[in-house]
Undergrad: 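Quick one: this structure, given as structure tokens, is what I'll be asking you about.
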Amino acid sequence: MNRIASRALRAGVFLTGVLTTSAAFAHAHLKHQYPAADAQVTAAPLALTLNFSEGLEVKFSGVTLTGPQQAQVPVGAVKLNQKDNTQLIVPVEESLKPGDYRVDWHVVSVDGHKTKGQYHFSVK
Ligand SMILES: [Cu+2]
């Protein structure tokens, strides 16, 4: 690694420690997802998909789904799209009832950095 790159890397590590949000630099940011954040869907999804800006380490990545009345909704083991390691697939193991849902995700990207976040969607 050349000197500029290593200095940039150190600066990045330093700033990451300083910033409280993880929405910076080359970590895995959530780019889009299905159902989309704040979307109202009419058909209960059979799986959630989350697309990130970087490849993921699936073993260290996971999602919880919380439904109406703060009930935990069972989800299957998360997996990566076989053709795209930036897409996390989360099987939903029961038919989602109408209501609001919260998705809490945490991932480790291939560079070893952790990010996490949450969003909501609702089922009509
Ligand atoms: Cu990173």
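For this chain, numbers begin at 1 and follow the sequence in order. Everything numeric here is computed off the predicted structure, so don't read it as measured data. Note that ligands are numbered from 1 as they come in the structure, with each ligand's atoms numbered from 1 the same way.
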Undergrad: What is the name of the N/O/S atom of H113 that is nearest to the Cu ion (ligand 1)?
TA: ND1
Undergrad: Describe, in one word, how the ring planes of F121 and Y101 are oriented to each other, choosing from parallel (under 30°), tilted (30 to 60°) and perpendicular (over 60°).
TA: parallel
Undergrad: Within the stated cut-off of 2.8 Å, is an N/O/S atom of D111 closer than that to the Cu ion (ligand 1)?
TA: yes
Undergrad: Looking only at non-hydrogen atoms, find the nearest pair between L65 and L48 and report the distance.
TA: CD1-CD1, 4.3 Å
Undergrad: What distance separates L56 CG from Q87 CD, expressed to the nearest 0.5 Å?
TA: 10.0 Å
Undergrad: Are there over 12 heavy-atom neighbours, none belonging to Q82, within less than 6.0 Å of that residue's CD?
TA: no
Undergrad: Checking one value in my table: which N/O/S atom of H27 lies closest to the Cu ion (ligand 1)?
TA: ND1
